[in-house]
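Structure first, commentary second.
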Protein chains: 2
Amino acid sequence: MADKVTIADVARVAGVSRQTVSNVLNTPDVVREETRRRVLDVVGELGYRVNQAARQMRTGRSRLIAIRIDPDRDGINGSVLDRFLHGLTDSAARSGYRVLLYTADDDRTEIATFEDLLGAYEPDGFVLTGTHHQDPRASWLLGKGVPFVTFGRPWGEESEARHPWVDVDGAAGTAAATRHLLDAGHSRIGFLGWPTGSGVGDDRREGWARTLAEAGIDPSGLSRATSDAVADGEAAARDLIDSDPGVTALVCVSDSLAVGGLHAARSPGLAWRVDTRPDLPIAVIGFDDTPVAKAVGLTSLSQPLKEAAASCVSLLARALDGTQTSQAPVLLEPSLVVRQSA
Amino acid sequence: MADKVTIADVARVAGVSRQTVSNVLNTPDVVREETRRRVLDVVGELGYRVNQAARQMRTGRSRLIAIRIDPDRDGINGSVLDRFLHGLTDSAARSGYRVLLYTADDDRTEIATFEDLLGAYEPDGFVLTGTHHQDPRASWLLGKGVPFVTFGRPWGEESEARHPWVDVDGAAGTAAATRHLLDAGHSRIGFLGWPTGSGVGDDRREGWARTLAEAGIDPSGLSRATSDAVADGEAAARDLIDSDPGVTALVCVSDSLAVGGLHAARSPGLAWRVDTRPDLPIAVIGFDDTPVAKAVGLTSLSQPLKEAAASCVSLLARALDGTQTSQAPVLLEPSLVVRQSA
DNA sequence: ATGAAAGCGCTAACAA
DNA sequence: TTGTTAGCGCTTTCAT
């Protein structure tokens with residue numbers, strides 16, 4: 001075990017009282033320059049670190065941020081959380097916080113875990129991901145007065161400004177993707193999305209539809225909705241292309257569906273399209289820029305996860321520090337990573 | 001904020017002393033049945049939770065396990081850590097531990113983080129991943145007497161039994177993959193690996209070579225080594241197939257290289273091979289069963305990450321509980337997930 | 001600018 | 001079997 005160095009050891013070696021050491025650490029400006037320097041030297045020499053448990057007992061602050069780690073559902077999008085987590089851990093450390101992990105299968109068990117965690121480890125705040133309509137987790141934390149940030153905007157209507165949030169502008173992303181395809185000469189651009197009702201999915205569809213409409217193209221009939229699996233994406237793409245032979249490009253709500261779309265677009269059954277427009281193979285664009293996209297050469301929209309994580313920490317830290325009433329949300333733009341598929 | 005319920009509140013409501021409540025929680029068998037029940041009822045009623053910070057000050061135990069989260073290098077294998085982390089968080093929670101995250105760029109900074117963490121949050125133990133030859137992190141922790149488990153065996157020679165470890169038997173995996181290909185009628189089976197020197201890579205190559213030799217096939221000249229990127233895998237596969245036209249299958253050290261191999265195997269330049277053996281397209285098998293494998297239909301070896309994580313927690317918990325001198329390591333077998341590619 | 005006292009919530013040791 | 005005492009390491013009064 002590491003030999004425990006306490007504030008008393010530092011005080012003794014530096015020839016001051018324990019309180020003075022504490023002051024140097026927490027209220028440096030109240031200590032005389034010379035004393036401060038001497039104390040800091042001893043701190044470095046002895047490798048002294050403030051003991052969190054003791055500090056927490058006094059101050060009630062744990063300097064812990066809790067976040068849930070999901071069981072990777074489909075798996076294909078798991079790497080998004082992975083990269084976000086890394087960014088969060090990194091940013092948190094820079095602000096003097098550590099990240100505590102927990103799991104939960106649904107909102108109910110997650111709220112139960114909130115209680116557990118708050119009672120035992122007392123995290124100073126939470127970062128919520130995967131927000132949805134009527135999210136009971138946000139209401140619960142709001143009710144208890146526990147600070148939190150969501151990565152994902154509050155999709156419910158009016159609750160807009162009740163808590164800080166960070167999100168990536170999905171509509172801006174699909175709009176950029178659609179514009180990219182229009183510029184490349186495509187006109188009948190289809191959309192592979194999720195069923196209406198998920199805020200994220202609807203938002204991404206909206207960006208595509210709006211951009212198409214702005215270009216004078218009616219998006220009606222060019223959209224298909226399905227669950228988020230490769231096979232589903234392939235079927236939906238097939239259906240769309242079969243029903244509208246003019247379709248030469250697909251914008252997709254996720255890389256999973258895009259990979260399915262790519263399969264359909266490259267399948268022998270559709271080879272005749274190469275004859276129709278040999279200069280213009282069916283283009284496909286995905287969302288999230290997962291490792292899969294990179295591996296199969298899929299053009300995709302990349303979320304600025306590092307920045308998003310940094311923004312979450314910054315908003316949370318500010319909420320914890322001051323008595324910040326309400327904070328402006330942060331909306332970041334995804335960027336298009338162009339590869340062979342478009 | 002949640003209204004803080006302390007042990008004193010429980011004691012008062014239950015009409016006992018604080019110590020009795022503590023006994024009920026920590027040494028139940030020393031308390032009279034009736035008293036215990038009454039106290040537990042009050043605990044449930046009041047929603048009391050033991051405050052970790054206070055307990056930690058007394059016992060010196062934080063019930064925290066620390067693990068590093070990597071910046072996803074290539075990204076394609078990032079999901080392995082992701083799934084392992086989830087399993088670890090889940091298993092830890094079942095044993096009354098929480099997982100604390102940290103980042104580090106290399107061994108040196110990771111060791112510095114050990115000091116930070118041990119001084120401040122005092123995690124009870126560490127889980128080390130990505131172990132390698134002469135790992136200074138293990139030596140450092142060993143030197144300080146800090147409990148830890150590694151996910152990955154100690155690749156250095158003699159240090160075998162100096163700390164508990166869990167690993168997946170890579171050689172057994174590639175052996176199974178090679179056997180699968182032999183059974184399917186392949187004989188000249190190539191291997192796409194990493195440069196010699198990485199324990200993991202050498203181990204996986206060994207399983208392939210051994211199995212081929214056992215089948216009476218000389219593995220010489222059938223192996224290529226390269227860094228872990230899709231493009232490198234493609235080039236290596238092309239080189240191997242060009243130099244040995246008899247090659248009809250590839251076992252790969254990673255999904256990244258396998259995806260590259262798949263590209264090469266399916267490329268037009270190699271179409272002539274279909275004429276030579278039209279019944280036997282070039283088969284490819286990867287390692288790690290990442291989402292990419294699933295997306296592109298790649299047969300791959302799946303690591304039992306949930307079990308591995310559970311074993312890590314179990315070994316660490318045992319090391320923390322008793323005065324277990326040394327513990328038998330855990331070596332788990334990967335399983336072959338068969339898809340279109342083989 | 002510095003020091004002394006008190007107490008955060010808990011449990012190990014001891015007393016009853 | 002249950003209760004009392006003390007103290008883990010720190011910071012927030014308050015006094016010097």
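Numbered from 1 within each chain, the chains take letters A, B, ... in sequence-line order. Nothing here was measured: the structure is a model prediction, and the numbers come from that model.
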Check: Of the nucleotides D:dC10, C:dT11, C:dC10, which has the atom closest to the B:T6 side chain?
Finding: C:dC10

Check: Given atom CG of A:L25 and atom P of D:dT11, what is their separation to the nearest angstrom?
Finding: 7 Å

Notebook entry, point to check: Of the nucleotides D:dT2, D:dT11, C:dG9, which has the atom closest to the B:V31 side chain?
Noted result: D:dT2

Notebook entry, point to check: Phosphate oxygens OP1/OP2 of C:dC10: is one of them under 4.0 Å from a side-chain N or O of B:N51?
Noted result: no

Check: If only atom types and distance count, is the side chain of B:N26 paired as donor or acceptor with the main-chain N or O of B:S22 below 3.5 Å?
Finding: yes

Item checked: Proximal nucleotide (of C:dG9, D:dT1, D:dT12) relative to the B:T35 side chain -> D:dT1

Next item on the list: Hey, which sits more toward the 5' end of DNA chain C by its nearest nucleotide, A:A54 or B:T27?
Entry: A:A54

Next item on the list: Could you please name the option among D:dG3, D:dT11, C:dG9 that lies closest to any side-chain atom of B:V16?
Entry: D:dG3

Checklist line | Between D:dT1 (P) and B:D29 (CG): distance, integer Å | finding: 10 Å

Check: Quick one: are the ring centres of A:W165 and A:F151 less than 6.0 Å apart?
Finding: no

Check: Given atom CD1 of B:I7 and atom C1' of C:dC8, what is their separation to the nearest angstrom?
Finding: 14 Å

Note to self: Any side-chain N or O of B:S17 below 4.0 angstrom from OP1/OP2 of D:dT4?
What the structure shows: no

Check: Do B:N23 and B:T20 have a side chain donor and acceptor closer than 3.5 Å?
Finding: no

Item checked: Interatomic distance, B:Q56 CD vs D:dG7 P [rounded to whole Å] -> 20 Å

Notebook entry, point to check: So, A:D135 versus A:T131: side-chain donor-acceptor pair below 3.5 Å or not?
Noted result: no

Check: In terms of side-chain heavy atoms of B:T20, which of D:dT2, D:dT11, D:dT4 is nearest?
Finding: D:dT2

Note to self: Without decimals, in angstroms, what is the distance between B:N26 CG and C:dA13 C1'?
What the structure shows: 15 Å

Note to self: So, OP1 or OP2 of D:dT11: does either fall under 4.0 Å of a side-chain N or O from A:T59?
What the structure shows: no

Next item on the list: Name the residue closer to the 5' end of DNA chain D, choosing between A:R55 and B:M57 according to the nucleotide with the nearest heavy atom.
Entry: B:M57

Margin query: For the residue pair A:R63 and A:Y97, would you count it as a cation-pi contact if the rule is NZ or CZ under 6.0 angstrom from the ring centre and within 45 degrees of the ring axis?
Written below: yes

Checklist line | Donor-acceptor pair under 3.5 Å, A:R58 side chain vs C:dG7 base | finding: yes

Checklist line | Separation of atom CD in A:Q52 from atom P in D:dC10, rounded to whole Å | finding: 10 Å

Check: Does B:K4 pair with A:E122 as a salt bridge, N-O distance under 4.0 Å?
Finding: yes

Item checked: Interatomic distance, A:R63 CZ vs D:dC10 C1' [rounded to whole Å] -> 15 Å

Next item on the list: Measure from the side chain of A:R32, starting at C-beta and using heavy atoms only, and say which of D:dT11, D:dT1, C:dA1 lies closest.
Entry: C:dA1

Check: When only distance counts, do a donor and an acceptor, one from the side chain of A:E34 and one from the base of C:dA1, lie under 3.5 Å apart?
Finding: no

Next item on the list: Round to a whole Å and report the spacing from CG of A:N23 to C1' of C:dG3.
Entry: 10 Å

